[in-house]
Amino acid sequence: MMMNINKNITSRFAFLLLFMSLYLTSCKDSFLDVKPSTDIVSPKTLDDFQQMLDYPRINQTSALPFLASDECNIPEEKDWLAQSNLERNVYIWSDDRYGGQTSIDDFNYPYEGIFYANSVITGMENLQNTAADRKKYNHILGQAYFARAFSCFDLVKNFAAPYDAVSSQQELGIALKRTPNVDEVVQRSSVQENYDQILFDLNRAISLLDLPITADRNRANKPSAYALAARIYLSMRNYELAEKYADSCLTLYDKLIDYNTISLTVAAPFTLGNEESMLYSTVGRNYSLVLYASTQNMSIDTELYNLYADNDLRKSIFFSKNATNGLIKTKRGYSGSSRFPYSGLATDEVYLIKGECAARRNDLRTCKDYLFKLLSKRYKTGTFTMGNFLTKDEALKKVLIERRKELVWRAGLRWDDIRRLNKEGANISLSRKLGNEIYVLEAGSPRFAFPIPTNESIFYTNNK
């Protein structure tokens, strides 16, 4: 089976490159207000290439995992029927996930990010012997390799089977684009080849990135590259390397927000450049169900909400509860004032990766220490206590519960966790009840991977 890059996208990407300087955003956060100059049509300088990497499509991720996971539910069938075909079908894990829609932004946007990353990687070859500022040159090139790895990972973790060291050599992943040549015909690679390329790019990025975290949170930096590596190795169930990269990240950057300093009542409790966020990213397409605070009868899952104790500040900072109908709505998170869910990289996730990996190697003390550092800043001052873990299973259960509570509505991580944990034998099945119908997604189902769209403007495809 083949997936080929369609020549018809030549004009599309040429148009995007020509007019990328004209993009506008509604956000008022500083780094999103930067507008590239029209000179970038033919980039010649390091600043030109940097501004290409500041294009908003870089690092944007899929919203489909938010629609499919068990973090939320629609109590009333009429509210489900009011949604688009795609949203309805993804919500119930239909075989026809897209309801006849052939162009899927969640698939297209990461490839746009890859196109820009490839354009920078290729274009900067002309400057490799003439760039006066070698440190700046390396950092920009490192951002491009990071962006390609970030987008490729988002694609493969959504549109391919969960990683398995035994079967991933045979399972089909995505088509790997390594050049900006849109006429190039590219075959789908195996899942293993996808991850090999992603990790190659990420290690290249780590070797090149130098600058620390700055106010430009949309730009990759060395701590965020280590954090992404930790996230990827966790998804691969390579817990030894996940812990190694988590350590490398936290050695460079380990700041946590004390939630006692955060308002419990405002709709947008966090600033865009909050100190836990190492790399800012959001979903690329915000479906109405993803914005479930605005969907009348969409609610956070009650079982999930009940995991939060009353003295857990996250209960009020993350959610608001309607006093009339009891429905629980999410507030805005680490995306600041943006209504798009945060899909970037933050230190709280890295603390949890470290804690889980420590638990899996039976280092119960280290697991407890990292959980305590995090959770002591999530509960009302003076109310949080934590006893010792007696067994590995006890520690692992605790850290996985905290992943659910801390990383709710973040980067589709709950969907990723279900895929990964089912490979560990967790046997997590999902179910929805709408009217008299019950829909079930069994553990291990191939529907835990979204199908490759049949979008002729992006791919010729004879793949299912």
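For this chain, numbers begin at 1 and follow the sequence in order.
Atom CD of Glu193 is separated from atom CD of Glu171 by 12.5 Å, given to the nearest 0.5 angstrom. How far CG of Leu364 is from CG of Asp369: 11.0 Å, rounded to the nearest 0.5 Å. For the atom pair CD (Gln197) and CG (Leu202), the distance works out to 11.5 Å, reported to the nearest 0.5 Å. In this structure, CD1 in Ile257 is found 4.0 Å from CG in Asn274, a value given to the nearest 0.5 Å. We find the CZ-OG distance between Phe107 and Ser62 to be 10.5 Å, quoted to the nearest 0.5 Å. Taking CD1 of Ile353 as the reference point, atom OG1 of Thr347 lies at 11.0 Å (rounded to 0.5 Å).
Between Trp415 and Phe448, the ring-plane angle classifies as tilted under the 30° and 60° cut-offs. Relative ring orientation between Tyr259 and Phe318 is described as perpendicular, the plane-to-plane angle rising above 60° on a 0-90° scale split at 30° and 60°. Using cut-offs of 30° and 60° for the angle between ring planes, the Phe372 and Phe384 rings count as tilted. The aromatic rings of Tyr334 and Phe270 sit perpendicular, their planes meeting at an angle over 60°, well past the 30° parallel limit. Ring geometry for Tyr308 versus Phe319: interplanar angle over 60°, hence perpendicular rather than tilted (30 to 60°).
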Quiz item: Are Ser224 and Asn221 close enough, and set up right, to give a side-chain hydrogen bond (donor to acceptor under 3.5 Å, both in side chains), and what steps lead you there?
Solution: CA-CA 5 Å; Ser224 66; Asn221 46 71; 3.2 Å; yes
Practice problem: Take Thr381 and Asn260 through the side-chain hydrogen bond (donor to acceptor under 3.5 Å, both in side chains) test and state the conclusion after the steps. | Solution: CA-CA 7 Å; Thr381 301; Asn260 286 279; 3.2 Å; yes
Practice problem: Give the intermediate values and the outcome of side chain to side chain contact (heavy atoms under 4.5 Å, CB included) for residues Val283 and Gln60. | Solution: CA-CA 5 Å; Val283 300; Gln60 287 189 339; over 6 Å; no
Quiz item: Going through the checks in order, is the side chain to side chain contact (heavy atoms under 4.5 Å, CB included) test met by Leu396 and Phe389?
Solution: CA-CA 9 Å; Leu396 192 55; Phe389 296 124; over 6 Å; no
Self-check item: Residue pair Lys398, Glu394: steps toward the salt bridge (Lys or Arg N to Asp or Glu O under 4.0 Å) verdict
Solution: CA-CA 6 Å; Lys398 175 64 174 176; Glu394 182 185 349; over 6 Å; no
Exercise. Mind running side-chain hydrogen bond (donor to acceptor under 3.5 Å, both in side chains) on Asn59 and Ser281 for me, showing each step along the way?
Key: CA-CA 6 Å; Asn59 297 345; Ser281 171; 5.7 Å; no
Quiz item: Passes side chain to side chain contact (heavy atoms under 4.5 Å, CB included), Lys373 versus Tyr351? Steps please.
Solution: CA-CA 8 Å; Lys373 288 177 186 176; Tyr351 269 83; 3.8 Å; yes
Quiz prompt | Trace of the side-chain hydrogen bond (donor to acceptor under 3.5 Å, both in side chains) decision for Tyr98 with Asp106 | solution = CA-CA 11 Å; Tyr98 309 134; Asp106 304 85; over 6 Å; no
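Residues Asp348 and Arg314 are not paired through a salt bridge, judged by the lack of any N-O separation under 4.0 Å between the basic side chain and the carboxylate. A salt bridge is absent between Arg404 and Glu71: the closest approach of a Lys/Arg side-chain nitrogen to an acidic carboxylate oxygen does not fall below 4.0 angstrom. Salt bridge absent: Arg420 and Asp416 never bring a charged side-chain N and a carboxylate O closer than 4.0 Å. Contact check on Glu402 versus Lys405 returns a salt bridge, with a Lys/Arg side-chain nitrogen under 4.0 Å from an Asp/Glu carboxylate oxygen. Contact check on Arg231 versus Glu349 returns a salt bridge, with a Lys/Arg side-chain nitrogen under 4.0 Å from an Asp/Glu carboxylate oxygen. Taking 4.0 Å as the cut-off between side-chain N and carboxylate O, Arg148 and Asp201 count as a salt-bridged pair. Between Arg378 and Asp312 there is no salt bridge, since no side-chain N of the basic residue sits under 4.0 Å from a carboxylate O of the acidic one. The residues Glu356 and Arg360 are annotated as salt-bridged, a charged nitrogen and a carboxylate oxygen being separated by less than 4.0 angstrom.
Smallest separation of non-hydrogen atoms from Leu421 and Ile428: CB-CD1, 4.3 Å. Contact detail for Gly444 and Asn422: the closest heavy-atom pair is N-ND2, 4.2 Å. Closest heavy-atom contact between Glu77 and Gly435: OE1-CA, 3.7 Å. The two residues Val440 and Arg447 come nearest to each other via the heavy atoms O-NH2, 3.4 Å.
Side-chain contact of Ser167 with Gln170: a donor-acceptor pair under 3.5 Å is absent, judged by distance alone. Residues Asn322 and Lys329 have side chains that never bring a donor and an acceptor to within less than 3.5 angstrom of each other.
Looking at Thr61 and Phe150, their side chains come closer than 4.5 Å, going by heavy atoms from C-beta outward. You'll find the side chain of Leu53 stays beyond 4.5 Å of the side chain of Asn218, heavy atoms only. Contact annotation: the side chain of Ile114 never approaches that of Arg178 to less than 4.5 Å [non-hydrogen atoms, C-beta and beyond]. Proximity of Tyr109 to Ser151: side-chain heavy atoms (C-beta onward) are nowhere separated by under 4.5 Å.
Within 6.0 Å of NZ on Lys433 lie more than 12 heavy atoms contributed by other residues, nucleotides or ligands. Within a 6.0 Å radius of CZ in Arg365, no more than 12 heavy atoms belonging to other residues, nucleotides or ligands are found. No more than 12 heavy atoms of other residues, nucleotides or ligands sit less than 6.0 Å from atom NZ of Lys255. In this structure, Glu424 places its CD atom where more than 12 heavy-atom neighbours from other residues, nucleotides or ligands lie under 6.0 Å away.
Ring centroids of Tyr91 and Tyr439 are separated by 6.0 Å or more, keeping the two rings apart.
Cation-pi geometry between Lys315 and Tyr305 is met: the NZ or CZ atom falls under 6.0 Å from the ring centre, inside 45° of the normal. A cation-pi arrangement, defined by a distance under 6.0 Å to the six-membered ring centre and an angle within 45 degrees of its axis, is present between Lys354 and Tyr370.
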